[in-house]
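From a predicted model like this one, the values you see are computed outputs, not experimental measurements. Per chain, numbering begins at 1; letters A, B, ... match sequence-line order.
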Amino acid sequence: MPELPDVEVYRRVLETCALSRRIASVEVNSTKVVEGLTELELEQRLTGQRFSSALRHGKHLFAGLLNGDLLAMHFGMSGRLECLEEGESLPEYTRCSFRLEGGHRLAYVSQRQLGRIRWIEDLEDFLRSKALGPDAMDPRLDHDVFCQRVTEHRGTLKSALMDQSTLAGIGNIYSDEILFQARLSPKRKAQELTEEELARLYRSSREVLQTAVEAHADPLLMPERYLLRNRAQATNCPRCGAALQALRLGGRRGWFCPECQR
DNA sequence: AGCGATGTTCGCCG
DNA sequence: TCGGCGAACATCGC
């Protein structure tokens, strides 16, 4: 489930479970998920070390070591990070796990193996190499910077929000939600918004992401006015009751209310 | 059996 | 030049 709010939850899992604890061992159960280094190298570099920071940028999670190197985790479409207490067994599809002194284990779970674990030496270099824009929740992302980035995009609003080089962290689900709360059609051109509409978009993006993080990215804990609460059976608009409309964008299905969103 | 799924990347087209 | 599309990646569940 990994868009920005989900990954923020995993960041906190990493922080609570593993930060400052000595890594006793590493286990890799996948040939695909760890990229650019062997299981042996990963073990040698991590065993005996401690993660000293838990950072996030967009949908990327970073476990930093004291020497400045970082373990970078991305979750693809079906990944997550879990903390297990002593004696608990690893979840199905655990592709990589870290045993920590004191008994906890950190499990990187990735059913479809679309996620990646990489070793990086410089965070800024990595963000540049992925051409990531500013994190969508970064406090330094003020109204003006936000508007500038969004209106640089020449395509539709939804693709502007989902473009990781515009803003990092927003995907299919949360772009739908932000546009719904801002009452803007996903099909609008990003460059044709009025100042007032841009202000609504900015406000909604902060509000939705903040609310989602506070709800631990669990749709059931989010307000009833949120679209993503019943995305699985998305039918009617929680605001006006009109039938929701589907749209396809880059092979992805989105939903919006043709009455409320203009 | 076939299709779709909360992501990224690449090649192609206009 | 950039945006948008479809496919590929890999696997499961409906």
Side-chain angles (χ1 to χ4, degrees), chain A residues 1-11 28-36 56-61 72-82 91-96 108-118 120 126-133 135-137 149-180 185-192 205 208-209 211-213 215-222 226-234 246-256:
Chain A
M1 332 174 160
E3 294 184 38
L4 187 156
D6 310 276
V7 180
E8 178 60 23
V9 170
Y10 307 149
R11 194 194 66 75
V28 179
N29 307 302
S30 161
T31 51
K32 307 229 67 147
V33 154
V34 179
E35 189 178 283
R56 183 190 56 73
H57 189 104
K59 304 173 190 173
H60 294 266
L61 179 64
M73 287 171 265
H74 191 274
F75 297 91
M77 285 227 279
S78 63
R80 63 182 196 274
L81 199 65
E82 272 190 43
E92 204 177 2
Y93 311 117
T94 297
R95 308 301 184 181
C96 187
Y108 174 92
V109 187
S110 181
Q111 183 195 73
R112 268 171 276 166
Q113 306 197 79
L114 293 178
R116 290 292 176 268
I117 295 179
R118 303 179 174 94
I120 65 172
F126 177 78
L127 301 180
R128 254 192 305 278
S129 76
K130 296 285 170 192
L132 294 177
D135 181 82
M137 273 193 90
R149 307 230 33 123
V150 169
T151 54
E152 261 171 23
H153 195 96
R154 295 192 234 174
T156 65
L157 261 189
K158 183 166 165 73
S159 59
L161 290 179
M162 289 176 64
D163 184 341
Q164 301 301 296
S165 66
T166 303
L167 301 170
I170 299 169
N172 195 30
I173 299 280
Y174 285 97
S175 59
D176 275 2
E177 191 64 53
I178 289 166
L179 290 168
F180 178 69
S185 165
K187 299 193 268 195
R188 288 282 295 282
K189 291 272 190 279
Q191 296 189 313
E192 292 169 0
S205 75
V208 166
L209 296 174
T211 301
V213 168
H216 311 291
D218 180 347
L220 296 176
L221 299 180
M222 293 183 206
Y226 273 36
L227 213 52
L228 55 73
R229 275 181 64 102
N230 10 286
R231 187 177 181 86
Q233 323 86 344
L247 84 162
R248 285 201 84 79
L249 201 153
R252 205 124 261 128
R253 181 187 292 261
W255 293 95
F256 70 104

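- Nearest to the side chain of A/K130, among C/dT11, B/dT9, C/dC9, sits B/dT9.
- The A/L249 side chain lies nearest to C/dC5 when the options are C/dA10, B/dA5, C/dC5.
- The two residues A/K59 and A/P2 come nearest to each other via the heavy atoms CD-O, 3.9 Å.
- Distances from the side chain of A/Q111 to the nucleotides C/dG3, C/dT11, B/dA5 place C/dT11 closest.
- A/R116 places its CZ atom 12 Å from the P atom of B/dT8, with the value rounded to the nearest Å.
- If you find the closest nucleotide of DNA chain C to A/R252 and to A/A160, the one lying nearer the 5' end belongs to A/A160.
- Distance A/W255 CH2 to B/dA5 C1': 14 Å, rounded to the nearest Å.
- For A/L247 and B/dG4, the CG to C1' distance is 16 Å, given to the nearest whole Å.
- Base-pair partner of B/dT6: not found among the strands shown (Watson-Crick or G-U wobble, both distances under 3.5 Å).
- To the nearest whole angstrom, the two P atoms, one in B/dT6 and one in C/dG3, are 22 Å apart.
- Minimum atom distance to the side chain of A/Y93 is reached by C/dT11, of the listed C/dC5, B/dG7, C/dT11.
- With distances taken from any side-chain atom of A/K59 to the nucleotides B/dA5, C/dT11, B/dG7, the minimum falls on B/dG7.
- Across all strands, A/L228 comes closer than 4.0 Å to no nucleic acid atom at all (heavy-atom distances).
- Between A/L220 atom CG and A/N230 atom CG the span is 9.0 Å, to the nearest 0.5 Å.
- Remark: A/S159 is not in phosphate contact with C/dG3, judged by side-chain N or O atoms under 4.0 Å from OP1 or OP2.
- Distances were taken from every side-chain heavy atom of A/L114 (C-beta onward) to each of C/dA10, C/dG4, B/dA5; the shortest belongs to C/dA10.
- The separation between A/H57 atom NE2 and B/dG7 atom C1' is 16 Å, rounded to whole Å.
- Across all strands shown, C/dA10 remains unpaired; no Watson-Crick or G-U wobble contact has both distances below 3.5 Å.
- For the pair A/N230 CG and B/dT6 C1', the computed distance is 16 Å after rounding to whole Å.
- The side chain of A/R112 lies closest to C/dA10 when the candidates are C/dA10, C/dG4, B/dG7.
- A salt bridge links A/R56 to A/D135: at least one charged side-chain nitrogen sits closer than 4.0 Å to a carboxylate oxygen.
- Out of B/dT8, C/dG4, C/dT11, the shortest distance to the side chain of A/Q113 is found at C/dT11.
- Taking atom C1' on both B/dC3 and C/dG6, the two are 16 Å apart, rounded to the nearest angstrom.
- In the set C/dA10, B/dG7, B/dT8, the nucleotide with an atom closest to the side chain of A/E3 is B/dG7.
- Heavy atoms of A/G250 sit under 4.0 angstrom from primed sugar atoms or phosphate atoms, though from no base atom.
- In terms of phosphate contacts, A/H74 brings no side-chain nitrogen or oxygen within less than 4.0 Å of OP1 or OP2 of B/dG7.
- Remark: aromatic rings of A/Y108 and A/F75 are close, center separation under 6.0 Å.
- Closest approach of A/R149 to A/S165, counting heavy atoms only: NH2-O, 2.8 Å.
- Under the 3.5 Å distance criterion, the side-chain polar atoms of A/E82 are left unmatched by any main-chain donor or acceptor of A/V109.
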